[in-house]
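A short write-up of the structure that comes next.
When reading the values below, keep in mind they use all heavy atoms of this one structure, side chains included, and skip hydrogens, waters and symmetry mates.
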Amino acid sequence: MTPITDAIYNVKEKFLRYVQIDTQSDPNSESNPSTEKQKDLSRLLVEELLAMGITDAHLDEWGYVYATLPGNSPKNVPVICFCSHVDTSPDCNGAGVKPMITEYWDGTDIFLPDDPTQVIRMAEHPDLKHQLGNDIITASGTTLLGADNKAGVAEIMAAAEYLIQHPDIVHGTIKILFTPDEEVGRGTEKVDLKKLGAEYAYTMDGETVGTLEDETFSADAVSLTINGVSTHPGFAKGKLENAIKIAADILATLPKDTLSPETTEDYEGFIHPTQISGIQEQVKLDFIIRDFTVAGLHEKETYLQNIVNEILKHYPNSSVDFKVIEQYRNMKEVLVNHPKVVEYALEAIRHSGMNPEQRSIRGGTDGSRLSFMGLPCPNIFAGEHAFHSKLEWVSVQDMEKATEVIINLVRIWEQKS
């Protein structure tokens, strides 16, 4: 395949425009999307897609953007989709983002001007060692940047624009999907796969340049409703069973040196308390459970259930409602049956001048759910780093490489059809 040379992608300009639009999602909202402001970016994306000449680009009532780049190949090429999410994490302020560019970065610490205590150091961000001479984009120190996942959005938009401007690049039909609410676990909740009409998909939502992720955590949530026995504290002897103390005992019994996010890595799973609320009569205690296998999930849920049972022996008149909610499953279970969707992506990375690296995600993506909904969907790097924090950064050159991978990938699908 002939390499793409001297290509100019407008990914930087698009990214700088997109990150200044506040699109934080809200885990406590019951609306779809969880915040209306996500649609501010989605409407802009539709406008830009229509201006490119993509005539069916539209935003639906749930906050999803759908668009089709028609194929120009005489072959029967499978329809592939590129997907990114427009929302940013609720874990860090996302309003008033001021993107800053450190051009030709020389390896020195990057002090963020609106809060000089926020410093990006190579010693703390190992991937920076590959960025010498590149242009690093950060926020100003008081907000996240939004590279997760507006880098992916900008790369898909830049690739679509490039393909339209270069009709000599032969490809099949390409679908574009931008989703809301990925950061609160609802990114595919209202997606219409029949309308999308794709056979395979790729999320552009990964980290290090050259990486492809085809394996994720499997995930469940566990919700405990602790029902204690309430009475007046002045007359409580032998009667009161404080639900707050029961919750504290459960948490204190969890191991300190294993089974937690802060003590695990690689393929190790965990039990992680995420929220607690209530009064002495009743407390709600929420956990997320993570493992790369369903068997591992069940093992950890049983472990937690056994802790609860042991604690309740000391509170004979109290009870705990133990509820397990399935969240998502390891995409590897699906992708192993569709090897070419991964193989072609690895080949596209090689054709873009990089040595590809397959990785596992200690988390999930929209692709996890899409895969189990019938749309096999691994995750390609977008270049985002230190996401969900004020130290988030991305390089212009990495975003350009991701854009190039998209273009090479559609060429490969056409050539191999």
- Message: Between Thr208 and Thr211, is the side-chain hydrogen bond (donor to acceptor under 3.5 Å, both in side chains) condition met? List the steps.
- Response: CA-CA 6 Å; Thr208 304; Thr211 58; 5.2 Å; no

- Task: Check Val222 against Val324 and note the closest heavy-atom contact, atom names and distance.
- Result: CG2-CG2, 4.1 Å

- Task: Let me know which of Leu254, Ile289, Ile288 forms a side chain to side chain contact (heavy atoms under 4.5 Å, CB included) with Phe270.
- Result: Ile288

- Query: Out of curiosity, Trp105 CH2 to Ile136 CD1, how far, rounded to the nearest 0.5 Å?
  - Reply: 6.5 Å

- Query: Taking atom types as modelled and ignoring hydrogens, do the side chains of Asn408 and Ser352 form a donor-acceptor contact shorter than 3.5 angstrom?
  - Reply: yes

- Task: Compare all side-chain heavy atoms of Ser89 with those of Leu144 and state whether any distance is below 4.5 angstrom.
- Result: yes

- What one should report as the nearest heavy-atom pair of Glu241 and Pro316 is OE2-CD, 3.4 Å

- Step by step, work out the side-chain hydrogen bond (donor to acceptor under 3.5 Å, both in side chains) result for Gln327 and Asp220. CA-CA 5 Å; Gln327 293 185 310; Asp220 283 345; over 6 Å; no

- Task: Dump the intermediate steps for side-chain hydrogen bond (donor to acceptor under 3.5 Å, both in side chains) on Gln38 and Arg43, then the final yes or no.
- Result: CA-CA 9 Å; Gln38 294 178 64; Arg43 279 187 285 266; over 6 Å; no

- When rounded to the nearest 0.5 Å, the distance separating CD of Glu48 from NZ of Lys14 is 5.0 Å

- Between Glu326 and Arg329, is there a salt bridge with N-O shorter than 4.0 Å? yes

- Message: Is a donor from one side chain sitting under 3.5 angstrom from an acceptor on the other, for Asp321 and Thr225?
- Response: no

- Under the 3.5 angstrom rule, does the side chain of Thr68 hit a backbone N or O of Pro70 as a donor-acceptor pair? no

- Min side-chain heavy-atom separation Val229-Tyr315 under 4.5 Å: no

- In this structure, CD of Glu103 is separated from CD1 of Ile101 (nearest 0.5 Å) by 6.0 Å

- Inter-residue atom distance Thr293.OG1 - Asn330.CG, 0.5 Å rounding: 8.5 Å

- Message: Assess whether a salt bridge exists between Lys129 and Asp127, defined as any Lys/Arg side-chain N lying under 4.0 Å from an Asp/Glu carboxylate O.
- Response: no

- Donor-acceptor contact below 3.5 Å, side chain Asn72 vs main chain Pro167: yes

- Task: Locate the shortest heavy-atom distance separating Glu310 from His314; write the atom from each residue and the value.
- Result: O-CD2, 3.6 Å

- Mind listing the closest non-hydrogen atom pair of Ile176 and Ala160 along with its distance? CD1-CB, 3.9 Å

- Answer yes when Glu343 and Lys340 have at least one side-chain N-carboxylate O distance shorter than 4.0 Å, and no when they do not. no

- Query: Would a distance-only check, ignoring hydrogens and angles, find a side-chain to backbone donor-acceptor pair under 3.5 Å from Lys150 to Ile21?
  - Reply: yes

- Query: Does atom NZ of Lys323 have more than 12 heavy-atom neighbours, drawn from other residues, nucleotides or ligands, at distances under 6.0 Å?
  - Reply: no

- Just checking, is any N or O donor in the side chain of Gln131 or Ser395 under 3.5 Å from an acceptor N or O on the other one? yes

- Item | Stepwise side chain to side chain contact (heavy atoms under 4.5 Å, CB included) check, Val396 with Asn134 | CA-CA 7 Å; Val396 174; Asn134 286 348; over 6 Å; no

- Message: For Thr179, is there any backbone N or O sitting under 3.5 Å from a side-chain donor or acceptor partner on Asp366?
- Response: no

- Does Glu215 pair with Arg362 as a salt bridge, N-O distance under 4.0 Å? no

- Can we say Glu189 and Arg369 salt-bridge, meaning some charged N sits less than 4.0 Å from an Asp/Glu carboxylate O? no

- Got a salt bridge between Asp87 and Lys37, using NZ or NE/NH1/NH2 to carboxylate O under 4.0 Å? no

- Under the 3.5 angstrom rule, does the side chain of Ser73 hit a backbone N or O of Lys75 as a donor-acceptor pair? yes

- Message: Tell me every residue that passes ring pair (Phe, Tyr, Trp, His ring centres under 6.0 Å) with His58, counting only those two or more places apart in sequence or in another chain.
- Response: Tyr66

- Query: Does Ser25 reach the side chain of Ser34, with side-chain heavy atoms less than 4.5 Å apart?
  - Reply: yes

- Message: Rounded at 0.5 Å granularity, tell me how far OG1 in Thr35 sits from CG in Asp22.
- Response: 7.5 Å

- Query: Are Asp115 and Thr142 linked by a side-chain donor-acceptor pair shorter than 3.5 Å?
  - Reply: no

- Heavy-atom closest pair, residues Ser371 and Met331: OG-CB, 4.0 Å

- Task: For Tyr267 and Ser360, test the side chains for any donor-to-acceptor distance below 3.5 angstrom and give the result as yes or no.
- Result: yes

- Query: Is it true that Glu124 and Arg121 have a side-chain N and a carboxylate O under 4.0 angstrom from each other?
  - Reply: yes

- Query: With side chains defined as the heavy atoms from C-beta onward, is the minimum distance between Leu251 and Pro273 less than 4.5 Å?
  - Reply: yes

- Say you draw a straight line from CG of Asn149 to NE2 of His85; how long is it, rounded to the nearest 0.5 Å? 4.0 Å

- Task: Name the orientation class of the two ring planes belonging to His125 and Trp393 (parallel below 30°, tilted from 30 to 60°, perpendicular beyond 60°).
- Result: perpendicular

- Message: Can you confirm if the aromatic rings of Tyr202 and Tyr344 lie within a centre distance of less than 6.0 Å?
- Response: no

- Carboxylate-amine/guanidinium contact Lys390 Glu392, below 4.0 Å: no

- If we only count heavy atoms from C-beta on, is the Met354 to Phe381 side-chain gap below 4.5 Å? yes

- Item | Ion pair check, Arg350 and Glu347, cut-off under 4.0 Å | no

- Taking side chain as C-beta onward, heavy atoms only, is Val86 less than 4.5 Å from Ser42? yes

- Query: Can you name the nearest heavy-atom pair linking Glu384 to Glu207, along with the distance?
  - Reply: O-CG, 3.0 Å

- Query: Heavy-atom distance under 4.5 Å between the side chains of Ile311 and Thr253, does that happen here?
  - Reply: yes

- For Ser230 and Glu281, indicate whether the former's side chain and the latter's backbone hold a donor-acceptor pair under 3.5 Å. no

- Item | Derivation of the side-chain hydrogen bond (donor to acceptor under 3.5 Å, both in side chains) call for Glu13 and Tyr18 | CA-CA 9 Å; Glu13 292 76 11; Tyr18 302 158; over 6 Å; no

- Message: Thr203 and side chain to side chain contact (heavy atoms under 4.5 Å, CB included): which single residue from Ser84, Pro378, Cys377 fits?
- Response: Cys377

- Looking at Tyr64 versus Phe178, is the centre-to-centre ring distance below 6.0 Å? no

- Item | Criterion side chain to side chain contact (heavy atoms under 4.5 Å, CB included) against Leu391, the qualifying member of Leu112, Thr138, Ile110 | Leu112

- Donor-acceptor under 3.5 Å (Asn379 side chain, Asp205 main chain): yes

- Item | Intermediate values then yes/no, ring pair (Phe, Tyr, Trp, His ring centres under 6.0 Å), Phe372 and Tyr328 | CA-CA 8 Å; Phe372 281 89; Tyr328 58 85; 9.4 Å; no

- Is there a side-chain contact between Ile80 and Val410, using heavy atoms and a 4.5 Å cut-off? yes

